[in-house]
Amino acid sequence: MTIAARGKFQCLSSSTLKIIAMALMLCDHMWATVVPGALWLTCLGRLAFPIFAFQIADGYAKTSNFRRYLGRMVIFALVSEIPFNFMMAGSWIYPFDQNAMFTFVIALLMLRLVDKARARCKTPVYALCAVLICALGYLLGTLFFVDFKGVGVLLVLIFYIFRDVPLGRLWELLIIGYFFLYAMEGQCIPLTVLGRELFFPVQGFGVLALPLIWLYNGEKGIGGKVFRYIGYGFYPVHIAILAFLYLNR
């Protein structure tokens, strides 16, 4: 089972997934800026990051030029940082949260290490190396305050490492479910179940991205450089617009 072939009922192409993820991300960022009271927007928005994380793993698996792929990510990470800082803190510099493109830059570097370990090591040693690389990615993501911190880096690695593992979907569900439901901080929604008040973390809605990801058919969909750069450019552009509207409301 490969990252591009996960079942017989796939109906979503890469471009369709990307459009869905961009729409969900817009919902989340609208909640963070111009529509702060609409909790449902960020609940929907929680699905965006896992989809993007999956697409980074998929893009890495398919790219024919890693340096070019990494270079594009670095460039758009730098372009996005100032708009992101204004959206998050209303200032040019905000050292405590870097945009998600930097999360994916770290993840891509870790994926490269995973492949080098796989090429040079036998299975038991490779498994140990993969665990250590995951730990390193988690540490770097946390130390550099990238968006979603170390968990964000780890999600990309999980999607890539488990793409060929038997029962890979189950492992994805268990691991990603754990991180979104228990290991991530954030707002909770109070629920009353059988007379008891429970608190469901908003981050937990991210697990609902997995069914969409599992519908991926491995096809590119809308192709060409134009759509590719629209996908990259949407991130800094919509953040800049929302930040401007928020700071000038």
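No hydrogens, no waters, no symmetry mates; every other heavy atom, side chains included, goes into these values. Heads up: numbering here begins at 1 and tracks the sequence. Quick caveat: nothing in here was measured; it's all calculated off a predicted structure.
Residues A21 and A48 come closest through the heavy atom pair O-CB, 3.6 Å. The two residues A209 and L47 make their nearest non-hydrogen contact at CB-O, 3.4 Å. Among all heavy-atom pairs drawn from I213 and P50, the shortest one is CD1-O, 3.6 Å. Nearest heavy-atom pair across Q98 and F144 is CG-O, 3.2 Å. Here the closest heavy-atom approach between residue S80 and residue P83 is recorded as O-CD, 3.3 Å.
Judged by distance alone, the side chains of D58 and Y160 never bring a donor and an acceptor atom under 3.5 Å apart. Judged by distance alone, the side chains of T103 and D147 never bring a donor and an acceptor atom under 3.5 Å apart. Using modelled atom types and a 3.5 Å distance limit, the side chains of S14 and E219 yield no donor-acceptor pair.
More than 12 heavy atoms of other shown residues, nucleotides or ligands fall within 6.0 angstrom of atom CZ in F234. The neighbour count for F199 CZ, taken as heavy atoms of other residues, nucleotides or ligands under 6.0 Å away, is above 12. Other residues, nucleotides and ligands place more than 12 heavy atoms under 6.0 Å from the CZ atom of F66. When the shell of 6.0 Å around OH of Y94 is examined, it contains more than 12 heavy atoms from other residues, nucleotides or ligands. No more than 12 heavy atoms of other residues, nucleotides or ligands shown are found within 6.0 angstrom of CD1 on I93.
Contact of the I176 side chain with the F159 side chain is registered, since non-hydrogen atoms from C-beta on lie closer than 4.5 Å. Looking at P124 and K122, their side chains come closer than 4.5 Å, going by heavy atoms from C-beta outward. A heavy-atom distance below 4.5 Å is found between the side chains of W214 and L173. At a threshold of 4.5 Å between non-hydrogen side-chain atoms, the residues F76 and Y229 count as touching. Contact of the C43 side chain with the W31 side chain is not registered, since no non-hydrogen atoms from C-beta on lie closer than 4.5 Å. At a threshold of 4.5 Å between non-hydrogen side-chain atoms, the residues Q187 and Q203 do not count as touching. Put simply, the side chain of L242 reaches to within 4.5 Å of the side chain of L26, judged on heavy atoms. Residues I241 and V237 have side chains in contact (heavy-atom distance under 4.5 Å, counting atoms from C-beta outward).
Using a distance-only test at 3.5 Å, with no hydrogens or angles considered, a donor-acceptor pair links the side chain of S13 to the main chain of T16.
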Could you give me the CA-CA distance, side-chain angles and deciding distance for L191 and I189, then say whether side-chain contact (heavy atoms from CB on, under 4.5 Å) is met?
-> CA-CA 6 Å; L191 300 173; I189 300 175; 4.2 Å; yes

Steps toward salt bridge (charged side-chain N to carboxylate O under 4.0 Å, His left out) verdict (D115, R112) = CA-CA 5 Å; D115 272 357; R112 194 66 163 176; 5.6 Å; no

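None of F179, F148, Y235 except one satisfies the ring-ring contact (aromatic ring centres under 6.0 Å, His included) rule with F49; the exception is F148. For the side-chain contact (heavy atoms from CB on, under 4.5 Å) with I239, the lone residue among E81, H29, M88 that qualifies is H29.
A ring-centre distance under 6.0 Å is found for F200 and F205. The distance between the ring centers of Y216 and F54 falls below 6.0 angstrom.
Rounding to the nearest 0.5 Å places CG of L139 at 12.0 Å from CG of L132.
In terms of hydrophobic clustering, with Ile, Leu, Val, Met, Phe, Trp and Tyr side chains grouped at heavy-atom distances under 4.5 Å, M30 and I20 are assigned to a common cluster.
Annotation: cation-pi pair R72/Y69 absent, no NZ/CZ under 6.0 Å from the ring centroid and within 45° of its normal.
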